[in-house]
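Since the structure comes first, as structure tokens, the remarks are kept for the end.
So that the names make sense, note that chain A is the first sequence line, chain B the second, and so on, each numbered from 1.
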Number of protein chains: 2
Amino acid sequence: MRWEDVNTQTCSIAKATSVFGDRWTLLIVRQIFLGLRRFSDIQKSLGITKHRLTDRLNRLIEEDLVFKHLYDEKYNRFEYRLTEKGLDLYPVLITLTQWGDKWMCDSDGVPVEYVHTECGEVAHPRLSCSCCGKPLDLSNLTLKAGPGVLAKCCRGVMSDEDQMLYGRIMDAEAKADKQ
Amino acid sequence: MRWEDVNTQTCSIAKATSVFGDRWTLLIVRQIFLGLRRFSDIQKSLGITKHRLTDRLNRLIEEDLVFKHLYDEKYNRFEYRLTEKGLDLYPVLITLTQWGDKWMCDSDGVPVEYVHTECGEVAHPRLSCSCCGKPLDLSNLTLKAGPGVLAKCCRGVMSDEDQMLYGRIMDAEAKADKQ
DNA sequence: TATTATAGTTCCATTATGGAACTTAATTAT
DNA sequence: ATAATTAAGTTCCATAATGGAACTATAATA
């Protein structure tokens, strides 16, 4: 499968990956999150080549994660800022950071900490259930085929790839229902 | 900067990205999470070429996210399974999934839902503070330079890139302290 | 008038990736 | 007994993505 076709997969991770499944895009988003908004700041701080950065920023603008904001009319200079869609990546960045903090950190300790302004403490954000509020982990989550898969299944338009992936989730559900 | 040098950055996202900042690695991890453990299943379900998959799996094994498990002695066949380090990526996959569900979904709806077995409901996992338990979002989180940055700063061994990135976080903190 | 800063673009060499064919070893079908 | 099949790769080659360095444009500054 060509990379351009990855976002045709019936999978939100595949669709997300089609936007930042490359070497730099997520790091660019991180820089903007951390306050680096100008082309040259992002470029120097990442050590990315200029034309690659141009390319990636344009892609982020196309995908509506980033927009250009004129900050100097005389110079015609722009800042790159995150849209709502871009800002909405913060849980991804936080969970990724935590994984990196735990598994890839050097002996000096974690580079950045997050302070929860309401309670004033350094927070180690956890996932919790939107319904009952209890903490979630692998052991108390099960998968269920959602409407997006079921609809395609009924219409008989699932690709072989999607069938391989979701077949067993639907099988597991069917089994669980019988018991 | 060459890609091989990205993991030298003092940033957990950079270090994490150095492992799966490519086109396929995170999708491979997702397949294993969803239950596809055999080489050929992963290969066919993703449409990735065999030598690329070989390459990425070996990298994941090197980085200790995946290990091989002999499931057929006669054939000498292996399954690929996630280690603790690999399993620990589930919050990343969940937050990524949610972002994709919200922003990149087609009209059929979300492909997969997560059921919280304790309360029995479909959960939309949220980040909450490990200290007070309240939900976290961008508006109530602030950044703080952690020990990893402070130590390097004191020793004077921060790269120019890292200084550009963390300089303003430390400045912002210094300002906040004065007030 | 020469130099610097910001934000790019162009050209070319190096790497990464995709596609197809080939390999090996055990299994099943004819 | 022979041929075809399956799983898990490997090898070869063409195409696509990336990195490095040099070049452009415009306004400001020395």
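Whole-Å rounding puts the A:L57 CG to C:dT9 C1' distance at 15 Å. Protein atom CZ of A:F78 is 17 Å distant from nucleotide atom C1' of C:dA5, rounded to whole Å. Atom CD in A:E79 sits about 13 Å away from atom P in C:dG8, given to the nearest Å. The interatomic distance linking A:R23 (CZ) with C:dT15 (C1') rounds to 8 Å, in whole Å. Summarising the geometry, the separation between CZ on B:R59 and C1' on C:dT17 is reported as 16 Å, rounded to the nearest angstrom. Taking atom CG of residue A:N76 and atom P of nucleotide C:dG8, one finds them 9 Å apart after rounding to whole Å. In this structure, the NZ atom of B:K50 is 17 Å from the C1' atom of C:dT17, given to the nearest Å.
Remark: B:R59 does not engage B:D22 in a salt bridge, criterion side-chain N to carboxylate O under 4.0 Å. By the 4.0 Å N-to-carboxylate-O rule, B:D55 lies too far from B:K50 to be salt-bridged with it. In summary, B:D162 and B:K152 do not engage in a salt bridge, as defined by a charged side-chain N under 4.0 Å from a carboxylate O.
A donor N or O paired with an acceptor N or O is not found under 3.5 Å between the base of C:dG8 and the side-chain atoms of A:H51.
Bounding nucleotides for the chain A contact on DNA chain D, 5' to 3', at a heavy-atom distance below 4.0 Å, are D:dT18 to D:dA28.
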I would like to know whether A:D41 and B:R168 meet salt bridge (Lys or Arg N to Asp or Glu O under 4.0 Å); could you show each step before the answer?
CA-CA 12 Å; A:D41 284 349; B:R168 21 195 102 193; 3.4 Å; yes

Check the pair B:D101, A:K15 against salt bridge (Lys or Arg N to Asp or Glu O under 4.0 Å), reporting the backbone distance first and the verdict last.
CA-CA 9 Å; B:D101 284 351; A:K15 287 182 198 297; over 6 Å; no

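Tested against B:L46 for a side chain to side chain contact (heavy atoms under 4.5 Å, CB included), the candidates B:L27, B:L36, B:L53 yield a single pass: B:L27. A side chain to side chain contact (heavy atoms under 4.5 Å, CB included) with B:H124 is found for one member of B:E113, B:K102, B:Q98, B:H116 and no other, namely B:Q98.
Both A:R77 and A:N58 lie close to DNA chain C; mapped to their nearest nucleotides by heavy-atom distance, the more 5′-ward contact belongs to A:R77.
Among residue pairs with one or both ends in residues 7-62 of chain B, those qualifying as ring-ring contact (aromatic ring centres under 6.0 Å, His included) are A:W3-B:W24, A:W99-B:F20; sequence neighbours excluded.
Of the side-chain N and O atoms in A:Y80, none sit less than 4.0 angstrom from OP1 or OP2 of C:dT6. Contact annotation: B:W24 side-chain N/O to C:dG18 OP1/OP2 distance is under 4.0 Å.
Open room surrounds CD on B:E84; 12 or fewer heavy atoms of other groups in view lie less than 6.0 Å from it.
Contacts of residues 35-49 of chain B with DNA chain D (heavy atom under 4.0 Å): B:R38, B:F39, B:S40, B:K44.
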